Chemist: 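Sharing a structure, written as structure tokens. Questions coming.
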Amino acid sequence: MKSDVEELMPRLLPVETCETAEGFNLNEPPRNPQEYLRQVQLEASLCPDVVVAKIDPKKLRKKQTVNVSLTGCHVAPKGFSPDLKWQRQQVSNFSEIRRSISKHRQHWSGQALDDNVLIPQQDAEEQWKKFCLGENIYLNSPTPDSGAEDPGLDYVKVGFPPFLSIVSRFNQATVSAVLEYLINWFEENEFVPQLGRWLYALLACLEKPLLPEAHSLIRQLARRSSEVRVNLESQEDERLSPLNLMICLVARYFDQIDLADNED
């Protein structure tokens with residue numbers, strides 16, 4: 001056995017073989033490089049050639065956890081999913097918007113922002129949710145009476161739209177981070193227009209080929225969209241079209257075809 005090992009792992013240093021442990025104490029530090037190498041030899045010689053772990057199968061069975069995740073989307077109720085012509089048109093429109101953003105990114109990123117636009121730090125998840133969705137939605141506070149006097153649009157309350165002057169400043173790390181924050185919020189809340197606008201804008205800024213993290217995020221988005229859609233009570237629900245759009249873009253543009261709606 002030792003000869004076989006020596007053939008596979010020939011010696012590279014001219015160190016004399018140490019056959020016994022006399023005069024060596026493995027608990028004390030070596031005094032010179034030669035003693036160090038000999039101690040390594042002794043430690044290796046004391047190790048068995050084969051080690052078998054003692055495992056109690058009963059303990060493993062008790063602690064086993066099986067997580068089953070839904071890999072596909074919920075099938076839409078009859079009449080709730082778009083036809084293939086509509087999906088192709090949305091993909092074409094989306095592709096054109098992506099090309100325009102890419103072409104004019106430098107121009108828009110150089111535009112000055114209003115004084116009230118304070119872009120959060122990349123890792124400030126809660127601030128990003130407030131920034132994109134607005135305090136009214138984030139804090140679940142009641143919307144002011146539409147009949148009351150309107151002093152002007154308060155973006156802090158209603159959320160900042162994804163202006164090109166804002167999203168053009170995002171690098172890919174920021175795009176992925178904000179996308180993750182909003183999808184996390186969506187997992188526990190209903191779909192709202194502010195969320196849809198931001199998700200669309202962030203998808204439009206997401207570069208291909210996708211990083212693994214982004215790949216997982218957009219699939220999560222499509223699954224959540226299908227989950228909300230399947231609980232809609234009417235085809236006239238204003239949320240139906242944007243939910244279909246999210247599923248369509250993830251499946252058809254970003255090539256997650258297994259999540260696509262079947263042709264009607």
Side-chain angles (χ1 to χ4, degrees), residues 88-139 151-187 189 191-222 224-225 241-256:
R88 287 174 174 168
Q89 184 60 53
Q90 301 310 314
V91 169
S92 176
N93 295 343
F94 182 69
S95 181
E96 184 61 32
I97 289 173
R98 283 174 60 90
R99 283 195 292 269
S100 179
I101 291 176
S102 178
K103 181 178 180 180
H104 301 290
R105 177 180 294 276
Q106 185 173 356
H107 166 75
W108 284 110
S109 63
Q111 298 299 304
L113 297 176
D114 292 341
D115 293 338
N116 64 331
V117 181
L118 300 177
I119 298 179
Q121 295 295 318
Q122 181 179 308
D123 59 352
E125 179 171 355
E126 303 309 312
Q127 291 182 33
W128 273 112
K129 292 174 183 176
K130 291 181 184 178
F131 182 87
C132 299
L133 304 175
E135 290 184 353
N136 290 342
I137 290 176
Y138 179 78
L139 300 176
L153 190 59
D154 187 349
Y155 286 134
V156 173
K157 296 294 184 182
V158 302
F160 287 89
F163 294 127
L164 286 174
S165 57
I166 294 177
V167 298
S168 294
R169 286 173 157 80
F170 295 177
N171 57 28
Q172 285 301 291
T174 301
V175 171
S176 295
V178 180
L179 190 61
E180 179 180 3
Y181 302 152
L182 294 180
I183 292 174
N184 288 343
W185 184 90
F186 186 29
E187 285 289 347
N189 298 274
F191 189 90
V192 294
Q194 292 92 326
L195 176 67
R197 289 193 288 268
W198 268 99
L199 290 175
Y200 190 91
L202 292 169
L203 290 177
C205 295
L206 196 60
E207 295 179 358
K208 296 173 71 176
L210 297 178
L211 295 174
E213 296 82 1
H215 178 272
S216 175
L217 281 172
I218 65 171
R219 290 183 64 85
Q220 182 183 349
L221 170 60
R224 174 57 180 162
S225 297
S241 182
L243 290 170
N244 281 336
L245 180 58
M246 293 298 108
I247 298 170
C248 170
L249 295 180
V250 170
R252 302 288 181 183
Y253 185 86
F254 290 102
D255 305 315
Q256 308 301 306

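Worth saying up front: this structure is predicted, and the values here are computed from it rather than measured. Quick note: residue numbers are just sequence positions, from 1.
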Chemist: When you measure from the side chain of Gln256 to the backbone N and O of Arg219, does any donor-acceptor pair fall under 3.5 Å?
Modeler: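 Such a contact is absent between Gln256 side chain and Arg219 backbone.
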Chemist: If you apply the rule side chain to side chain contact (heavy atoms under 4.5 Å, CB included), what do you find for Phe131 with Ile166, and how did you get there?
Modeler: CA-CA 11 Å; Phe131 182 87; Ile166 294 177; 4.1 Å; yes
Chemist: Would you say NZ of Lys208 has more than 12 non-hydrogen atoms from neighbouring residues, nucleotides or ligands within 6.0 angstrom?
Modeler: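 Buried by this count: over 12 neighbours within 6.0 Å.
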Chemist: How are the rings of Phe94 and Tyr253 set relative to one another: parallel (under 30°), tilted (30 to 60°) or perpendicular (over 60°)?
Modeler: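 Rings of Phe94 and Tyr253: perpendicular, as their planes differ by over 60°.
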Chemist: From Phe170 CZ over to Leu206 CG, what is the distance, rounded to the nearest 0.5 angstrom?
Modeler: 13.0 Å
Chemist: Write out all pairs satisfying salt bridge (Lys or Arg N to Asp or Glu O under 4.0 Å) with one or both partners inside residues 110-121, taking only residues at least two apart or from two chains.
Modeler: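 For residues 110-121: none.
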Chemist: Taking atom CD as the centre, does Glu187 end up with more than 12 heavy-atom neighbours from other residues, nucleotides or ligands that are less than 6.0 angstrom away?
Modeler: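 Yes.
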Chemist: How long is the gap from CG on Asn189 to CZ on Arg224, to the nearest 0.5 Å?
Modeler: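 Asn189 CG to Arg224 CZ: 8.0 Å, rounded to 0.5 Å.
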Chemist: With a 3.5 Å distance limit and no angle check, can you tell me whether Ser109 reaches the backbone of Gln106 through a side-chain donor-acceptor pair?
Modeler: yes
Chemist: Looking only at heavy atoms, what is the nearest atom pair of Tyr181 and Ala124, with distance?
Modeler: OH-N, 4.3 Å
Chemist: I'd like to know if the side chain of Ser102 reaches the main chain of Arg98, judged simply by a donor and an acceptor atom lying under 3.5 Å from each other, with no hydrogens or angles considered.
Modeler: no
Chemist: For Arg88 and Ser92, does a side-chain donor sit closer than 3.5 Å to a side-chain acceptor?
Modeler: no
Chemist: Pick one: which of Leu182, Leu133, Ile119 meets side-chain contact (heavy atoms from CB on, under 4.5 Å) with Trp128?
Modeler: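 Of Leu182, Leu133, Ile119, side-chain contact (heavy atoms from CB on, under 4.5 Å) with Trp128 is met by Ile119 alone.
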Chemist: Identify the two heavy atoms, one from Val158 and one from Gln194, that lie closest to each other, and give their separation to 0.1 Å.
Modeler: O-NE2, 3.4 Å
Chemist: Is Ser176 close to Glu180 at the side-chain level, that is, under 4.5 Å between some pair of heavy atoms?
Modeler: no
Chemist: Flag the pair Leu249 / Tyr200 as yes when at least one side-chain heavy-atom distance between them is below 4.5 Å, and no otherwise.
Modeler: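 In contact.
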Chemist: Under the side chain to side chain contact (heavy atoms under 4.5 Å, CB included) rule, what do Leu164 and His104 come out as? Steps first, then yes or no, please.
Modeler: CA-CA 9 Å; Leu164 286 174; His104 301 290; over 6 Å; no
Chemist: Grab the two heavy atoms, one from Gln172 and one from Cys205, that are nearest each other, plus how far apart they are.
Modeler: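 Taking every non-hydrogen atom into account, NE2-O, 2.8 Å.
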Chemist: Can we say Glu126 and Lys130 salt-bridge, meaning some charged N sits less than 4.0 Å from an Asp/Glu carboxylate O?
Modeler: no
Chemist: I'd like to know if the side chain of Asn171 pairs up with that of Thr174 as donor and acceptor (distance under 3.5 Å, no hydrogens or angles considered).
Modeler: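 Yes, because at least one side-chain N or O of Asn171 sits under 3.5 Å from a partner of the opposite role on Thr174.
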Chemist: At what distance, to the nearest 0.5 angstrom, does CG of Leu203 lie from CE of Met246?
Modeler: 6.0 Å
Chemist: Minimum heavy-atom separation for Gln90 and Cys248, please, with both atom names.
Modeler: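 In terms of heavy atoms, the two residues are closest at CB-SG, 4.2 Å.
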Chemist: Using every non-hydrogen atom in the two residues, find where Leu195 and Trp185 come nearest and quote the distance to one decimal.
Modeler: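 It is CD2-CZ3, 4.1 Å.
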Chemist: Could you give me the CA-CA distance, side-chain angles and deciding distance for Trp108 and Ile101, then say whether side chain to side chain contact (heavy atoms under 4.5 Å, CB included) is met?
Modeler: CA-CA 9 Å; Trp108 284 110; Ile101 291 176; over 6 Å; no
Chemist: Hey, are the side chains of Pro161 and Tyr155 touching, using non-hydrogen atoms and a 4.5 Å cut-off?
Modeler: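 SC-SC contact between Pro161 and Tyr155 confirmed.
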Chemist: For the atom pair CD1 (Ile218) and CD1 (Ile183), what is the distance rounded to the nearest 0.5 Å?
Modeler: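 The distance works out to 8.5 Å.
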Chemist: Would a 4.5 Å heavy-atom cut-off, applied to side chains only, mark Phe163 and Val117 as touching?
Modeler: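 A side-chain contact under 4.5 Å is absent here.
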Chemist: Using only atom types and a distance under 3.5 Å, with no angle test, would you say the side chain of Arg197 pairs donor to acceptor with the backbone of Cys132?
Modeler: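 It does not hold such a pair.
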Chemist: Where is the tightest heavy-atom contact between Gln111 and Ser165, given as atom of each residue plus distance?
Modeler: CB-CB, 4.1 Å
Chemist: To the nearest 0.5 Å, tell me how far Leu179 CG sits from Gln220 CD.
Modeler: 9.0 Å
